[in-house]
*Asks:* 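Okay, handing you the structure first.
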Amino acid sequence: MAAFGAAKIDALLVTSLKNIRYLTGFTGSAAQLLVEPHRTTIFTDPRYDIQVREQVDCQVNVSSKPARALETALKRRAIRRLGFEAHHVHYADYARYREGLPASTRLVPTSGMVESLRAIKSPEEREAIRRAVLVNSAAFAAAVKEIRLGMTERDLAAEIDYQMRLLGAEGPAFDTIVAAGPRSALPHAQPGAKPLEANELLLIDMGAQVEGYASDMTRVLHLGQPNRRTKQLYRSVLDAQLAAIDAVKDGIPAGAVDRAARSRLAADQLDALFTHSTGHGLGLDIHEFPRLARGESTVLRTGMAVTIEPGVYQAGLGGIRIEDTVLVTGSGCEVLTPTPKELLVV
Ligand code: ZN
Ligand code: ZN
């Protein structure tokens, strides 16, 4: 890996399963990967003996004691500076490495080495995200037809998850959010026993996982005719979302996209109600690098897949958030999400 020099390491121990999947294609739930300048070795246990050999091209080490096998390999290689993923190693594992390795091997914390590679999606990854987005939108359309007053948030979340699987998703990319009425003011509400009632907002935030890749979409519906205040709020959020989408382009700092949404809401004195960032990268994980947040200097690049999702949340009334998955291009961005964005009245 070209970044070894900058990080001053001789090898990298990858423990994040998503990072291992990205680098090797292995989809099992237990493995460690040792990346050296001229070879890469995956360590796993016999449950994955057949699978790992089918999925990866690198060297394979299968052992009923994979931690010990790794330790032995590390000792034999006499690595001077071994990078590890600081955000993905438990303290107990760190202590074990420290104890098992010779004093001449220094453990060097690293951060985001694989994640920064993952930010730019290959053509195959873009296709997987596209498929996840289409399943997402089709499942949303199917679930909306099933909405009835009196059903609970949880009933509707179950319907959405069912439709996603029926349409080919491996499952939801994250816990589906269905929040009705004042509960929609909680940006990460968990669907509960609250029944859907007339004359209130209904916020749905959902994602489908297809071939390991996530999509992410939020839409807000109104049960019955919305009042003027609700329509105004919706219009402001939609304008902010469109302004942020307009700002997305190869070469633009992520913070500029956030600023576009925030200043549009400020024009309607609503910026104080926008309590989270404008978006995030997504791929194998639902939240990935880069963050589209205030002051973020990361430069957007062609091939990044990100969400654009400004929202306003007013206690007592509810929340409105509109979220699409988009692909950064040289001239701007491609909005992948086909679901219409006008306030849906049911
Ligand atoms: Zn979302
Ligand atoms: Zn999101």
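FYI, the numbering just counts along the sequence from 1. Remember, it's 1-based here, ligands and their atoms both numbered in the order they're listed.
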*Asks:* Considering only NZ, NE, NH1 and NH2 on the basic side and carboxylate oxygens on the acidic side, decide whether Glu334 and Arg130 come within less than 4.0 Å.
*Replies:*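 Salt bridge flag = yes for Arg130 with Glu334.
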
*Asks:* Between the side chain of Thr218 and the main-chain N/O of Asp205, is any donor-acceptor distance below 3.5 Å?
*Replies:* no

*Asks:* State the CD-CD1 distance between Glu323 and Ile308, to the nearest 0.5 angstrom.
*Replies:*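 Reported value, rounded in 0.5 Å steps: 9.5 Å.
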
*Asks:* With sequence neighbours left out, which residue pairs that include part of residues 279-302 fulfil the salt bridge (charged side-chain N to carboxylate O under 4.0 Å, His left out) condition?
*Replies:*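 Non-adjacent pairs meeting salt bridge (charged side-chain N to carboxylate O under 4.0 Å, His left out): Lys18-Asp285, Arg118-Asp285, Arg118-Glu288, Lys121-Glu288, Asp250-Arg301, Arg291-Glu296.
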
*Asks:* Of all residues at least two apart in sequence or in a different chain, which pass the side chain to side chain donor-acceptor pair (under 3.5 Å) check with Arg183?
*Replies:*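 For Arg183 the side chain to side chain donor-acceptor pair (under 3.5 Å) partners, ignoring immediate neighbours, are Glu153.
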
*Asks:* Give me each pair satisfying salt bridge (charged side-chain N to carboxylate O under 4.0 Å, His left out) with a member in residues 55-68, each pair once, sequence neighbours excluded.
*Replies:* none

*Asks:* Ignoring water, what protein N, O or S atoms are under 2.8 Å from the Zn ion (ligand 2)?
*Replies:* Asp216 OD2, His280 NE2, Glu309 OE2, Glu323 OE2

